[in-house]
2 protein chains.
Amino acid sequence: MSPTDQIAQNLKEAGLKATQQRIVILSTLYEHLDHPSSEEVYKHVKKVNPSISLGTVYKTLESLVNAGLIHKVATSDGLMRYDGETAAHSHIYITKTNEIIDFKDDSLNELINRYMDDKEIRNLKVRKISLRIEAEKIDPKRKIHIK
Amino acid sequence: MSPTDQIAQNLKEAGLKATQQRIVILSTLYEHLDHPSSEEVYKHVKKVNPSISLGTVYKTLESLVNAGLIHKVATSDGLMRYDGETAAHSHIYITKTNEIIDFKDDSLNELINRYMDDKEIRNLKVRKISLRIEAEKIDPKRKIHIK
DNA sequence: CTTACTGCAAAATTTTTGCAACTTT
DNA sequence: AAAGTTGCAAAAATTTTGCAGTAAG
């Protein structure tokens, strides 16, 4: 199955019509895992489909979030950003550069979830736990590397 | 020292002039720890000072955040919310009701920080770690109680 | 052929900005 | 008095909405 067909199937399984626009937007998010904003998604998508409208991008992103196919990430600069990775993971926020970097650590995840299971929080069902890590780069020119 | 004088002193120590507007806004945030939005802060503050302008509320919240006297919390509904509690703590997000509840657990904090200290992340200085807990209420009418 | 989706433009919402008048130090 | 802050209104930025036309199942 081609990547496009796979994406079309993901959409259908989520109960959404596999339109050309949705396929392009979802594939853009699978390709760019740097948490693009709506406007950035629009720019990327326009290269493939120049006639797509910004309104469609907004509506589609909202649909994909509601269907659970992507995640929405709120940032302190007031922009929403979108994440094609839906498996459990955390985010490292580099304030100065507006970078959001994925951080995935299964054993830490398990450690926290085990701790929280023992913790009784009355009248609350915990759905998801992730870390919010604020950090800054030591050398701004170099990339981040997580062991 | 009166609470107002204490707040004025906090402002001055942070290098900000202790204007009547800032004192009222900061005291509102100390009083309302439910993470009010800019508009909610404005509404609260107007009761005390009906002539304050919304623009001043925005500018002041920004100044207070920059000075480290309060924190900004980004939400997925696109509103910024503000937090008068600056000690390390986590947030529980109740999506359906838009509630944000503080969650403070020193031993969990220590557990995570000890784990992360051992974890080598090249070219990154970690500044702050907190949990992002998504949850929902079991009985919507009852309050949350954290043991 | 029915239902859902797109494109467009207009509107709504939230936040920022510029500047004269005013307070704080 | 100097420096910084406020209030106002206008502008910017982001997101949502309505609806006629179009595409998908």
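Below, read A as the first sequence line, B as the second, and so on, with proteins coming before strands; counting in each chain starts at 1.
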Given atom OH of B:Tyr42 and atom P of D:dT6, what is their separation to the nearest angstrom? 14 Å

Any side-chain to backbone donor/acceptor pair from B:His35 onto B:Ile100? Under 3.5 Å, distance only. yes

Donor-acceptor check, side chain of A:Arg22 to backbone of A:Lys17, threshold 3.5 angstrom: yes or no? yes

Any donor-acceptor N/O pair, A:Arg132 side chain to B:Lys128 backbone, under 3.5 Å: no

For atom CG of A:Asp77 and atom C1' of D:dA13, their distance in whole Å: 12 Å

Carboxylate-amine/guanidinium contact B:Lys43 B:Glu39, below 4.0 Å: no

Find the distance B:Leu61:CG to C:dT14:C1' and express it as a whole number of Å. 13 Å

Examine D:dC8: is either OP1 or OP2 under 4.0 Å from a nitrogen or oxygen in the side chain of B:Ser53? Give yes or no. no

Length of the CD-P vector between A:Gln9 and D:dA24, whole Å: 18 Å

Before giving the answer on side-chain contact (heavy atoms from CB on, under 4.5 Å), spell out for B:Asp102 and B:Lys104 the whole-Å C-alpha distance, their side-chain angles and the decisive distance to 0.1 Å. CA-CA 6 Å; B:Asp102 283 346; B:Lys104 203 169 191 171; over 6 Å; no

Do B:Gln9 and B:Asp5 have a side chain donor and acceptor closer than 3.5 Å? no

Annotated protein contacts, base or backbone, on nucleotides 15-24 of chain C with a non-hydrogen cut-off under 4.0 Å, one of B, S, - each: BBBBB----B

Distance check needed: C:dT3 C1' versus A:Leu16 CG, whole Å only. 13 Å

Regarding A:Ser51, tell me which of base, sugar-phosphate or nothing describes its non-hydrogen contacts under 4.0 Å with the strands shown. sugar-phosphate

Could you state the CD1-P distance from A:Ile23 to D:dA24, rounded to the nearest angstrom? 8 Å

Quickly work out the A:Asn49 CG to D:dA23 P distance and round it to whole Å. 12 Å

